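One structure below.
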Amino acid sequence: MSGPIEASLRGSPWASRAAAVVSALREAAIDATRLEASVRGDASGSAQGGRMMIERVRPSEARALIAALGLALEADDEALCEWADANDQPMIVGWDVGRDPPVAKLYVNASDASEAKRRSLGAALGLAHAPHVVGVNLGSRRETKVYEQQAEPPTDVPEALAAWAKDAAVAGWVISLDAPALTRRAVFAALQPTEGAPELRTLPGWSEAAVAALPFPIGFAKSVGYDTNGRWVAYVKPAGATPAAHDLEPVVVLRSPSGEIGIFVEPLGARAYLEVGAHALSYRLREGDPDRDAIDAAMQWAAGEVQRTTPSWDSPPEPWERIDG
């Protein structure tokens, strides 16, 4: 664990904080598979690292990691932690030392939450919006970002990203917006995991410098995005990490009186509740606490549908009803 953290912070004003960050990670029993690093580049062949994210952390762990960087949370940041705690949603903590001065990153990841929960997250920011993720850059100038995810590409996806994504295994799309104005910051193609991320080699200007800018060997790529200036950024997981899912969005969202779930149908090899033929079926809890029998009934129904020539997701078993996610 210490190697990637030290490499990511090396040469920055926070290099001396590496030991404290590693200690906080060990205290929280967070291993290297929870790390996600990125490299930025363009067609000129330039490459810049120094950005690291730590996924699926609890609010208490988020506070400890921010403190390990020598920073204190403001009232608005504490409000995000409190929302995540109250709504049982994970957080992401990280840093970007490629910026001058560097910034710490604090995110709430509500991408698997119900729309009602996401609307309450937007309301906490004073937005009439249902963001999937909210991110805050903590530094000399506080920046707030919201992220929307969708299965289909936006109509105005950057031309360079659209051209690159034609030959990539795209799992979905994410739009980054600056809050509160909600102006476009970047668009990302979320990727299905491919061992070694060979698709990155087709990025304009990808080189050994880009590989060297990362703090660990690449296991697979999570996403590639383009900002409004035409630069790309690639987010990657370390070798040995296990993909959580192939698709960004579920094939169907079901609601019952006791809760809401999203069902995913993916290739074998993904994490699965059950396997049917060439498919791995899983679900994610979006809201509430449905009982185990109800979830099993929904998953058995989904297993039957994927074996049909044309699955239909319109008639789930009681007590479920299909909703638009």
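Sequence positions, counted from 1, serve as the residue numbers for this chain. Quick caveat: nothing in here was measured; it's all calculated off a predicted structure.
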Margin query: Using modelled atom types and a 3.5 Å cut-off, is there a donor and acceptor pairing between side-chain atoms of Lys222 and backbone atoms of Glu36?
Written below: no
Applying side chain to side chain donor-acceptor pair (under 3.5 Å) to Ser111 and not counting sequence neighbours gives Asn109
Exercise for review: Determine, using the 4.5 Å side-chain heavy-atom cutoff (strictly less than), whether Val251 and Val253 are members of one ILVMFWY cluster.
Suggested key: no
Requested in this report: Count the heavy atoms of every other residue, nucleotide or ligand shown that sit under 6.0 Å from CD of Glu27, and state whether that count exceeds 12.
Outcome: no
Those residues at least two apart in sequence (or on a different chain) that pass salt bridge (Lys or Arg N to Asp or Glu O under 4.0 Å) with Arg322 are Asp314
Contacts of Trp14 meeting ring pair (Phe, Tyr, Trp, His ring centres under 6.0 Å) (sequence neighbours excluded), chain-then-number -> none
Chi angles and distances behind the side-chain contact (heavy atoms from CB on, under 4.5 Å) call for Glu199, Val224: CA-CA 10 Å; Glu199 66 272 21; Val224 166; 6.0 Å; no
- Please state whether the rings of Trp313 and Trp301 are parallel, tilted or perpendicular, taking 30° and 60° as the class boundaries. perpendicular
The side-chain contact (heavy atoms from CB on, under 4.5 Å) partners of Asp291 (sequence neighbours excluded) come to Asp293, Ala294
inquiry  = I'd like to know whether CD of Glu195 has more than 12 heavy-atom contacts from other residues, nucleotides or ligands below 6.0 angstrom.
reply    = no
Residues passing the side-chain contact (heavy atoms from CB on, under 4.5 Å) test with Asp42, sequence neighbours excluded, are Ser44, Ser46, Arg231
Distance col, row Asp96:CG vs Asn137:CG, nearest 0.5 angstrom, shows 7.5 Å
Report task. Check the surroundings of atom OH in Tyr283: do more than 12 heavy atoms from other residues, nucleotides or ligands lie under 6.0 Å from it? Result -> no
With sequence neighbours left out, the residues meeting salt bridge (Lys or Arg N to Asp or Glu O under 4.0 Å) with Arg17 are none
Requested in this report: Test Leu35 against Ile54 for side-chain contact (heavy atoms from CB on, under 4.5 Å), laying out the working first.
Outcome: CA-CA 5 Å; Leu35 303 180; Ile54 302 157; 3.7 Å; yes
So OG1 of Thr144 and CG of Leu138: to nearest 0.5 Å the spacing works out to 9.0 Å
